[in-house]
**Student:** 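Please read through the structure below; I'll follow up with questions.
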Amino acid sequence: MASEGLFDMILQTKPIFKDREYLRHSYTPEKLPHRDEQIQQIARILAAPLRGETPSNVLIYGKPGTGKTATVNYVAKELEKVSEKAPIKVKVVYLNCERVNTHYRILAKLSDTFLEGLRNHRGKEFLTKMNLPTHVPRTGWPTDEVYKSFLKSLDDEKQLAVIILDEIDKLVRKSGDDVLYSLTRMNSELKNAKVSIIGISNDLHFMEYLDSRVRSSLGEEETVFPPYNAHQLRDILHQRSEISFIDGVLTDPVIQLCAAHAAREHGDARRALDLLRVSGEIAESMGAENVNVEHVRKAHERIELDQTVEVIKTLPVQSKLLLYSISMLAERTPRAVISGDVYGLYEDFCRQVGLDILTRRRVSDLISELDVLGVIDAKIINKGRYGRTKEIKLNVHPLQVQAAVQQDYLFSDLRAENFRFPTRA
DNA sequence: AATCCACAGGAAGCCCGGGAAC
DNA sequence: GTTCCCGGGCTTCCTGTGGATT
């Protein structure tokens with residue numbers, strides 16, 4: 001291999017990207033195409049405090065990648081800016097409930113935000129005088145202590161706290177609606193300040209799990225973000241590609257194909273941008289001068305695979321072993337994979353690698369988790385006399401699962417030795 | 001019509017680690 | 001150090017399910 005040619009080749013390759021950062025999800029563009037209606041609607045609701053009224057709480061629905069978060073943050077930032085001249089100050093707090101997902105953590109985060117503001121504004125001595133801490137520890141306090149400290153720090157002046165709870169459905173699913181209950185009731189306890197909540201959810205049905213009082217308070221206003229269609233996705237891609245790709249390397253069919261792919265997957269703009277970026281990266285690595293539809297096809301495959309492999313690799317050990325058992329059964333048995341068989345093989349593997357064997361009950365939950373992740377599809381079926389079970393369908397090729405699991409050194413040498421695979425239906 | 005299989009999945013509570021306050 | 005609190009993983013115990021079988 002001629003090593004001096006290595007860098008020559010890379011240096012000779014014409015660049016494809018101007019700046020690929022503009023294609024990442026973290027980048028929020030100045031203009032949000034096809035979201036004017038939603039921007040107007042949210043702005044109208046949030047503008048109330050500037051006229052001295054309390055704004056309503058808002059719930060925002062929409063599939064992933066429909067611009068919910070970007071739109072809300074955009075409007076909130078504008079509001080914060082405008083409020084500097086208004087009689088009432090607006091402070092926006094953004095919380096992603098995927099990470100901040102318990103009663104305690106939400107209150108702690110909110111409390112910290114306002115304590116910090118207070119410290120900068122009034123000084124540290126003021127906090128001591130008011131009997132307030134400088135910050136709330138990550139754990140250790142009783143929850144109502146945290147609540148009180150939030151209440152006090154917020155109520156210090158006439159202001160509006162706009163609390164954005166992104167992925168609020170995950171919060172409710174994990175910790176129930178206690179937090180939402182206390183947050184929605186706060187306004188009656190506050191003398192100076194006001195609270196307004198913006199909930200963002202992917203799930204249209206999560207409201208069903210809420211207490212009816214919380215439901216009516218939270219859902220005073222609702223805004224739905226429809227999925228982008230292929231045409232709108234194309235506009236978004238055009239907008240971003242102009243600043244991120246070198247002129248002329250992208251052709252219209254390429255953008256159209258990316259848009260079409262993403263439109264098929266519930267109009268997810270993030271997906272469309274990923275696809276465009278990875279297509280560019282593939283074209284670049286192949287030394288192509290421009291991006292073509294073949295690169296898009298390859299990118300599509302790669303994204304799919306990378307995602308599932310990543311999901312599997314980051315699974316806890318027990319889930320990995322369980323998934324491995326499922327993949328073995330899927331590969332070797334003619335009949336459908338059912339939970340009873342999975343448990344048997346799982347036990348066998350546990351003994352082999354010296355892992356504790358979890359109970360059926362726990363395994364049942366783990367299977368449901370795998371289902372939620374989308375790696376498998378689990379369907380409850382009744383087989384009459386032969387009981388009730390879950391029929392499991394693997395959404396990934398068994399060999400891909402096995403390869404991903406075996407990257408964990410614990411499982412590199414797993415064999416199904418003692419297990420008798422079921423043979424007939 | 002009654003029975004019964006082989007689980008699903010809810011409820012409660014245990015145990016442990018992490019962390020703060022006393 | 002001890003005591004209190006939180007959260008997550010887990011177990012134990014339990015009730016529910018619906019169609020094939022008796």
**Student:** So, using salt bridge (charged side-chain N to carboxylate O under 4.0 Å, His left out) as the criterion, who are the partners of A:Lys298 when residues are at least two apart?
**Tutor:**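 Salt bridge (charged side-chain N to carboxylate O under 4.0 Å, His left out) check on A:Lys298 returns A:Glu294.
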
**Student:** When you list every nucleotide of DNA chain C with an atom under 4.0 Å from a heavy atom of chain A, which one comes first 5' to 3', and which comes last?
**Tutor:**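 Range of nucleotides within reach of chain A: C:dC5 to C:dT22.
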
**Student:** Going by an N to O cut-off under 4.0 Å, is there a salt bridge joining A:Arg271 and A:Glu304?
**Tutor:** yes

**Student:** Apply side chain to side chain contact (heavy atoms under 4.5 Å, CB included) to A:Glu30 and list each qualifying residue two or more places apart in sequence or on a separate chain.
**Tutor:**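 With sequence neighbours excluded, A:Glu30 shows a side chain to side chain contact (heavy atoms under 4.5 Å, CB included) to no residue whatsoever.
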
**Student:** Under 4.0 Å, counting only non-hydrogen atoms across every strand here, what does A:Ile338 touch: a base, just sugar-phosphate, or nothing?
**Tutor:**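 Nothing, no nucleic acid heavy atom in range.
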
**Student:** A:Asp169: which residues meet the side chain to side chain contact (heavy atoms under 4.5 Å, CB included) condition with it, sequence neighbours left out?
**Tutor:** A:Glu167, A:Arg173, A:Ser201, A:Asn202, A:Asp203, A:Phe206

**Student:** Give the B/S/- string for nucleotides 9-22 of chain B, one per nucleotide from 5' to 3', where a protein heavy atom under 4.0 Å of the base yields B, of only the sugar-phosphate yields S, and otherwise -.
**Tutor:** BB-------BBSS-

**Student:** Suppose the criterion is ring-ring contact (aromatic ring centres under 6.0 Å, His included): which pairs have a residue in residues 110-132 of chain A, not counting sequence neighbours?
**Tutor:**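 Sorted pair list: A:Phe114-A:Phe150.
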
**Student:** Listed by chain and number, what are the salt bridge (charged side-chain N to carboxylate O under 4.0 Å, His left out) partners of A:Asp365, not counting sequence neighbours?
**Tutor:**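 Result, salt bridge (charged side-chain N to carboxylate O under 4.0 Å, His left out) vs A:Asp365: A:Arg361.
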
**Student:** Roughly how many Å is it from NZ in A:Lys383 to P in B:dC7, rounded to a whole number?
**Tutor:**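 In whole Å, B:dC7 P lies 8 Å from A:Lys383 NZ.
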
**Student:** Taking atom P of B:dC4 as reference, at what distance in whole Å does atom CZ of A:Arg385 sit?
**Tutor:**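 Spelled out: CZ on A:Arg385 to P on B:dC4 is 7 Å.
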
**Student:** Taking side chain to side chain contact (heavy atoms under 4.5 Å, CB included) as the definition, give me every residue that meets it alongside A:Ile45, ordered by chain and number, with sequence neighbours left out.
**Tutor:**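 Checked A:Ile45 against side chain to side chain contact (heavy atoms under 4.5 Å, CB included); matches are A:Ser56, A:Val58, A:Glu221.
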
**Student:** Please list, by residue number, the residues of residues 99-109 of chain A whose heavy atoms come closer than 4.0 Å to an atom of DNA chain B; answer none if no residue qualifies.
**Tutor:**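 By residue number: none to list.
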
**Student:** Contact class for A:Ile367 vs. all strands (heavy atom < 4.0 Å): base, sugar-phosphate, or nothing?
**Tutor:** nothing

**Student:** Parallel under 30°, tilted from 30 to 60°, perpendicular over 60°: which one fits the rings of A:Phe245 and A:Phe17?
**Tutor:** tilted

**Student:** Measure from CG on A:Asn382 to C1' on B:dC5 and round the result to the nearest Å.
**Tutor:** 10 Å

**Student:** In chain order, what residues pass the side chain to side chain contact (heavy atoms under 4.5 Å, CB included) check against A:Glu347, with sequence neighbours excluded?
**Tutor:** A:Tyr343, A:Arg351, A:Ile357

**Student:** What pairs with A:Arg360 under salt bridge (charged side-chain N to carboxylate O under 4.0 Å, His left out), at least two apart in sequence or on another chain?
**Tutor:** none

**Student:** List in chain and number order the residues that pass side-chain hydrogen bond (donor to acceptor under 3.5 Å, both in side chains) with A:Tyr61, two or more places apart in sequence or in another chain; answer none if no residue qualifies.
**Tutor:** none

